[in-house]
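Before any comments, here is the structure.
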Amino acid sequence: MTNPSWQGTNLPRVGGFNRAVVLDTIRRHGEISRVELAQRTGLTAQTMSNIVRALMDDGLVTENGHAPSTGGKRRVLLKVVPDAYSAVGLHLDPERITGVLVDLAGGVRLRTTRRLPADATPDSVAAALTRIGQQLVRRSGLEPDRVLGAGLAVPGPLDPAHRKVLDPPNLDGWTEVPLADLVEERFGLPVVMDNDATAAAIGERWSGCAQRSGSFVYVYLGTGVGIGVVLGDQVHRGVSNNAGEIGHVHSGGSRECHCGKRGCLEAYCSMRSIVADWRTAIGRPAPTSVAAAYDQLCRDAVAGEAAARKVLRQTATRLGQALASVVSVLDVDRVVLGGPALRQVSDLVRNRVSKVITAQVWAPQVRPVRVENALIGEDAAAVGAASLVFDHAYSPRLNTLLGS
């Protein structure tokens with residue numbers, strides 16, 4: 001039997017942690033018997049049984065048929081009730097807002113997208129985020145107490161202590177904006193916020209269940225580039241909650257980045273910079289909109305057009321070089337590539353990134369690194385935003401044990 005991601009503890013004063021461990025284990029396995037649940041969590045049969053009973057009383061878990069017979073009494077299977085609770089996820093991108101309603105099992109029940117208001121001021125954007133979230137709740141027909149809250153996935157950097165967006169790229173005039181508070185005041189539900197790459201990693205972990213247990217680096221490619229880090233099933237946010245800003249790691253070049261420094265990875269791997277390189281390479285007119293031009297570039301690359309494929313290869317090479325260092329430092333064996341920039345070219349980018357990492361990573365014979373496409377599509381950040389709400393409510397956390 002493989003080692004479980006989490007072990008419960010039979011020490012006193014850890015009921016909340018054990019409850020989270022049991023719920024997380026059931027959710028990750030889809031269906032599981034009480035006997036296997038006790039084995040995987042390390043809890044005594046009595047402790048585990050009490051927790052399961054409480055989860056069933058709360059409507060979070062239900063019995064769901066029987067496991068195949070192994071000669072004795074057939075075991076009753078447990079599973080999470082998807083409709084027990086839902087959460088709203090809102091992704092703020094410099095061009096659009098994507099909203100989703102996600103159930104407890106990670107399923108997307110509703111989705112919508114809107115362009116940003118023309119003025120894109122903090123107040124107008126907060127109002128737009130609120131309207132989209134409220135519309136999703138109304139369309140769902142759910143009772144208000146069945147929606148736990150809303151999550152915001154936003155470009156960093158962030159000031160989590162004051163729930164502020166500090167100075168996001170491509171949003172002019174946004175300086176120290178208390179966005180989470182602005183939306184919460186209007187929405188009337190609890191609001192949590194994280195940067196888009198970390199949110200996407202949490203969404204991948206929550207929706208991916210057993211396929212995304214353990215440790216991995218999630219690479220989010222959208223307007224910019226960032227990573228979310230999951231180590232031993234714990235999301236690593238760093239001392240300031242801004243871990244993962246790989247876009248501003250020096251990549252060996254001298255091109256000026258929007259942050260004012262030179263040589264940042266994002267100066268070569270953002271949608272805007274990729275389009276600029278492609279326009280130079282083809283030497284002919286291209287769509288003026290970055291989004292339209294990037295879409296055309298991807299279509300050309302899939303069709304085999306040489307200039308488009310060369311630009312994407314160069315981008316993937318730089319990305320792979322940066323990730324090889326990340327993988328070696330963190331000692332992880334899995335990289336997950338996701339985000340809207342990959343929706344048409346995920347395999348092209350993944351194959352190149354994988355080759356570069358394999359060639360450059362430290363000790364590949366000890367720790368072969370798998371590079372995989374994300375399980376969630378281009379709505380990864382929005383789904384991740386909703387998953388922030390579930391993660392805060394139900395995921396096992398070390399600080400529960402530490403009392404912090």
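Residues take their numbers from the sequence shown, with the count starting at 1. For clarity, every value in this text was computed on a predicted model and none was experimentally measured.
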Could you check if a side-chain atom of [X] sits within less than 4.5 angstrom of a side-chain atom of [Y], using non-hydrogen atoms only?
{"X": "R19", "Y": "D58", "answer": "yes"}
{"X": "P168", "Y": "V154", "answer": "no"}
{"X": "V125", "Y": "V177", "answer": "no"}

Decide whether [X] and [Y] meet the rule of one side-chain donor and one side-chain acceptor closer than 3.5 Å.
{"X": "Q296", "Y": "R299", "value": "yes"}
{"X": "T98", "Y": "R111", "value": "no"}
{"X": "N242", "Y": "N195", "value": "no"}

If the plane angle is over 60° it's perpendicular, under 30° parallel, otherwise tilted; pick one for Y394 and Y85. tilted

Is it true that [X] and [Y] have a side-chain N and a carboxylate O under 4.0 angstrom from each other?
{"X": "R272", "Y": "E266", "result": "no"}
{"X": "K164", "Y": "E176", "result": "yes"}
{"X": "R28", "Y": "D24", "result": "yes"}
{"X": "E184", "Y": "R163", "result": "yes"}

More than 12 non-hydrogen atoms from neighbouring residues, nucleotides or ligands closer than 6.0 Å to CD on E31, yes or no? yes

How far apart are the closest heavy atoms of E204 and L375, and which atoms are they?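 Looking at all heavy atoms of both residues, the closest pair is OE2-N, 2.7 Å.
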
Grab the two heavy atoms, one from R40 and one from I32, that are nearest each other, plus how far apart they are. CD-CD1, 3.8 Å

Could you check whether R27 makes a cation-pi contact with W206, meaning its NZ or CZ is under 6.0 Å from the centre of the six-membered ring and within 45° of the ring axis?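 Cation-pi check for R27 and W206: passes.
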
